Amino acid sequence: MYQIQSQELRTLTTAHLAQTMSLLALNIEELGEKIHSLLAKNPALELEESRRCPQCLRPLRGNGPCPVCSHPTGSNDEPVVFISHRWDIPERAFTGGSISPDEAPGLDEYVSEERSLALYILQQIAPALAPAERPLAAHILTSLDEDGLLSIPPLEVARYHHVLPSRVESVLHRIQRCDPPGVGASTPREALLIQLEILGESREVPPLARRAIEEHLEHLGRYQVHELSLALGISEAEGAALVRFIRENLNPYPARAHWGDWHHGAPAAAPVYRRPDALIRLASPNNPDSPLVVEILSPLRGQLRLNPLFRRALAEMEDARRPAWQKDLERARLLIKSLGQRNQALAQLLRYLARKQRRFILQGDLYLTPLTRAQVAAFLGVHESTVSRAVAGKTVQLPNRRIIPLERFFDRSLPVRAALRSIVAQEEKPLSDSQLANRLKTLGYPIARRTVAKYRQMEGILPARLRHGIASHI
DNA sequence: CTATGGCACGGATT
DNA sequence: AATCCGTGCCATAG
């Protein structure tokens with residue numbers, strides 16, 4: 001099967017191949033933009049809005065039954081692959097515009113790890129929001145970074161929606177009091193202060209905590225008890241107690257389960273949420289032994305085809321414009337064919353990944369088998385750069401509804417980090433990095449002590465001496 | 001002396 | 001050719 005497809009690839013003309021490759025490099029959103037601009041430019045192209053499957057709302061081709069709904073056949077080894085469109089999700093839900101649960105009933109299915117924070121908070125404050133405040137809240141929530149901090153100035157929100165800054169502040173204030181306390185703060189410092197304030201309403205807090213955060217945040221971050229005590233004019237014991245209180249009760253990055261390494265290395269740039277390029281799900285959701293179904297999503301609401309009117313007109317045409325029209329027609333043909341090839345190539349890749357990484361897909365990070373793009377390329381009989389293009393910038397939604405970048409399938413350290421997390425989560429006493437390294441070695445992950453430190457940091461796990469039986473999850 | 005982070009090198013990967 | 005990643009060495013903090 002693969003052989004046939006790759007042979008097809010080889011027989012393509014160079015123009016065709018070039019276009020296929022450039023389309024392959026695009027993710028679903030970029031592809032959508034590209035196609036729409038071509039649709040506007042080229043009259044030979046047409047978007048046909050076909051009828052929908054009454055059950056799953058996908059458009060149907062021809063007169064046959066819906067290929068997605070009618071029970072797909074496949075085995076554990078041979079996942080089923082579809083190239084399909086989805087019409088049931090409002091485009092706007094993905095573009096960071098206003099989202100509200102009742103507006104997009106299926107949205108929760110499409111929420112990425114990061115964006116689920118937004119919905120979680122929205123659910124808490126939705127009842128308290130005036131209708132006019134909803135867009136403000138949506139704007140703020142969709143601008144949170146992965147740490148739960150607000151990545152844009154509140155003033156910008158006010159300007160955008162033409163409302164008074166105080167209106168935005170009022171919404172923001174309510175958001176900051178939602179569950180991960182302090183979300184929506186602009187800086188770690190502000191987040192800490194908000195948490196302190198909230199905490200102060202229900203229990204006693206050290207009187208100097210506020211000043212310590214406001215004026216000596218660096219010392220807190222570096223755990224410099226000595227310097228802090230000196231600066232505040234208190235004893236080292238008092239200083240240590242203060243630091244412990246703050247570190248145990250407050251969190252500069254509200255959405256992180258643990259204090260990461262917050263004195264150096266700014267948190268990574270906020271991930272941009274997109275609808276996934278593909279879905280991987282179980283043929284029967286409740287049966288983990290059923291075959292996997294891979295669905296390549298198309299950005300189009302309908303079926304791209306040659307404009308029949310255009311073809312008829314061209315056939316009857318005699319004047320000087322004919323060559324130009326002919327050219328348009330050729331271009332349109334080429335695009336449609338290339339688009340098909342692009343989707344085929346993606347499907348091929350995903351089918352392979354689904355088969356090879358079935359355990360990872362169903363059972364999580366720990367079971368990712370090491371894989372390089374080069375290996376995949378060799379197996380599929382395509383060039384390495386083809387695989388690179390296909391993987392770059394794309395995302396897939398797994399059966400657990402998480403949307404992950406395709407690159408993650410090639411992350412060699414992922415299972416090790418998962419193992420590390422689970423060791424730390426279960427440890428009785430904090431283990432040092434070298435102890436962790438030994439543990440990992442016995443589990444079949446021979447990595448250097450130095451590397452443990454790196455992974456720890458990536459996972460946001462504190463060094464041993466700062467961990468005190470704080471249960472780790474996530 | 002032990003634990004951990006910074007820097008930089010070299011090999012693999014893209 | 002450029003980039004990423006694991007690792008070794010060294011400095012520093014405790």
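The basis for the numbers below is simple: all heavy atoms, side chains too, and nothing from hydrogens, waters or symmetry mates. Quick caveat: nothing in here was measured; it's all calculated off a predicted structure.
Using a cut-off of 4.0 Å between Lys/Arg side-chain N and Asp/Glu carboxylate O, A/Lys327 and A/Glu330 are scored as not salt-bridged. A salt bridge links A/Glu197 and A/Arg177; the closest N-O separation between the charged side-chain nitrogens and carboxylate oxygens is under 4.0 Å.
Under the side chain to side chain contact (heavy atoms under 4.5 Å, CB included) rule, A/Phe360 has a single partner from A/Leu371, A/Asp365, A/Leu353, which is A/Asp365.
Residues passing the side-chain contact (heavy atoms from CB on, under 4.5 Å) test with A/Ala378: none are found, sequence neighbours excluded.
Distances shorter than 4.0 Å separate some side-chain N or O of A/Arg373 from OP1 or OP2 on B/dT14.
The CG atom of A/Leu339 lies 8.5 Å from the CD1 atom of A/Ile336; values are rounded to the nearest 0.5 Å.
Atom CZ in A/Phe410 sits about 12 Å away from atom C1' in B/dT13, given to the nearest Å. The interatomic distance linking A/Glu384 (CD) with C/dA2 (P) rounds to 18 Å, in whole Å.
Within 4.0 Å (heavy atoms only), A/Arg456 reaches sugar-phosphate atoms of the nucleic acid but no base atom.
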Which atom pairs, one a donor and one an acceptor, fall under 3.5 Å between side chains of residues 440-455 of chain A and the rest of the protein, sequence neighbours left out?
| unit_1 | atom_1 | unit_2 | atom_2 | d |
| --- | --- | --- | --- | --- |
| A/Thr442 | OG1 | A/Arg439 | O | 2.6 |

- Contact string for nucleotides 3-10 of chain C, one letter per nucleotide 5' to 3', B = base within protein heavy-atom range under 4.0 Å, S = sugar-phosphate only, - = neither, reads ---SBBB-

